[in-house]
Amino acid sequence: MRRQIVALLLLALAPALLAAFFHPRRPSWRTDEITVAVAQSWKDALWLDARPRDAFEHAHVPGALLLNEDEWNDLLPAVLDAWNPDRNVVVYCSSLSCQASRDVARRLREEAQFSRVFVLQGGWEAWEKTHR
Amino acid sequence: MGENAPMKCFARILGIAVGAVFLIAGAMKAWNPAQFASDVQNYRLLTWTSVVMVALYLPWLEIVSGAALVFGIARRGSIAICTGLMLVFIGALISAKLRGLDIDCGCFGHTGPHGITWPLLRDALLLAALLFLLFRETRAPR
């Protein structure tokens, strides 16, 4: 059984290596999650709020634009207007346990070809904690 | 005396069904490893570098092991790998549930219902099937 296991593990390695170099949707090796402190140190960052509209309207990071998946097509043009390739983009959602910011960050990379997109660790909850 | 035919047939069909699940799940993840990396990252168990390695390798391990199980090649090895993978998946899902993470399973790409309760039940069933196959295979003469 051990030989079979090793053979199967090695067999899976070949396509995985090919995917690492040539897959059009391969993930970036660069860490894309940042803390509030790091994000704040970027004076020219473009902040994007991936939460639902009502949460954004209740409160948001100063200067942040709303960009959630529910209103993607309506909201994206404003983001594209504000963006330039030299600006770091910081996407956040409600807390550590949400996934909207990751989904928005991925779509920005894949669909809008944004290159410097980061996800805020802890989201809005972490931001609020450091600004109480 | 040899094993009875209906049981042998049942085990074969079960192996094909479970292998097919792994094959399909692996193919859906391999289609978009960036999406899968994002799903793995949501569990918050690994560093990003480890997440990327998992996102690139794990789908192919599922495909290779699933295909081996479907076609009855290297059965013991493929059942052992699938069982190990299933234990890891269940462990990750339980950990996410205990930490109250509001995430998608990521088991079949981004299809299926939101949440992790249903995937946990499905994986428990698959694990039971795999343990049955593993028990049978390790008892059978080489």
Side-chain angles (χ1 to χ4, degrees), chain A residues 1-34 50-52 69 91 93-111 113-115 117-123 125-126, chain B residues 26-27 29-44 47-69 73-85 96-97 99-104 106 109-110 114 134 137-138 142:
Chain A
M1 185 184 343
R2 206 169 293 169
R3 272 189 202 164
Q4 290 183 0
I5 291 172
V6 172
L8 291 169
L9 290 174
L10 288 175
L11 199 58
L13 198 57
L17 285 173
L18 285 175
F21 289 103
F22 303 112
H23 198 301
R25 297 190 190 93
R26 62 188 181 276
S28 159
W29 288 91
R30 199 164 36 82
T31 308
D32 69 344
E33 196 165 276
I34 51 157
R51 298 175 300 162
E69 288 202 291
V91 191
C93 51
S94 54
S95 67
L96 195 66
S97 63
C98 66
Q99 100 175 53
S101 55
R102 299 216 145 270
D103 292 336
V104 165
R106 177 183 52 78
R107 288 186 71 173
L108 285 172
R109 290 190 202 103
E110 288 181 358
E111 297 173 26
Q113 311 300 317
F114 280 25
S115 56
V117 186
F118 300 87
V119 170
L120 186 69
Q121 207 173 59
E125 207 173 85
Chain B
K29 289 168 193 151
W31 177 255
N32 193 344
Q35 169 66 65
F36 182 47
S38 173
D39 290 335
V40 174
Q41 172 73 355
N42 287 332
Y43 284 86
R44 299 175 197 283
T47 63
W48 180 250
T49 307
S50 312
V51 164
V52 172
M53 286 195 271
V54 166
L56 290 166
Y57 182 64
L58 191 138
W60 290 102
L61 187 58
E62 284 186 283
I63 290 171
V64 167
S65 308
L69 202 47
I73 306 160
R75 268 182 74 80
R76 290 180 186 196
S78 57
I79 292 168
I81 289 178
C82 289
T83 307
L85 286 175
K97 195 151 182 69
R99 286 176 292 146
L101 298 184
D102 177 27
I103 59 174
D104 284 326
H110 253 204
H114 181 72
L134 191 65
E137 283 293 325
T138 48
R142 284 168 193 266

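A note on names: the letters A, B, ... follow the listed sequences, proteins ahead of strands, and every chain is numbered from 1. Everything numeric in this text was worked out from a predicted model, so none of it was measured.
- In this structure, chain A has a heavy atom under 4.5 Å from the backbone of R75(B), while its side chain stays farther away.
- Contact check for L56(B) versus F21(A): no side-chain heavy atoms found under the 4.5 Å cut-off.
- Across all their heavy atoms, R76(B) and Q4(A) have their closest contact at N-OE1, 3.3 Å.
- Heavy-atom distances place no part of L17(A) under 4.5 Å from chain B, backbone and side chain included.
- Interface remark: A30(B) contributes backbone atoms only to the contact with chain A (heavy atom separation under 4.5 Å).
- Contact of the E110(A) side chain with the N32(B) side chain is registered, since non-hydrogen atoms from C-beta on lie closer than 4.5 Å.
- With a 4.5 angstrom heavy-atom cutoff, T47(B) does not touch chain A via any of its atoms.
- Two residues are said to be in side-chain contact when any heavy atoms from C-beta on lie closer than 4.5 Å; M1(A) and I79(B) fail this criterion.
- When each of I63(B), V64(B), L61(B) is checked for a side chain to side chain contact (heavy atoms under 4.5 Å, CB included) with L11(A), only V64(B) meets the rule.
- For the atom pair OH of Y43(B) and CD of Q99(A), the computed distance is 9.5 Å after rounding to the nearest 0.5 Å.
- Taking both residues in full, the closest heavy atoms of W60(B) and A19(A) are given as NE1-CB, 4.1 Å, listed atom of the first, atom of the second, then distance.
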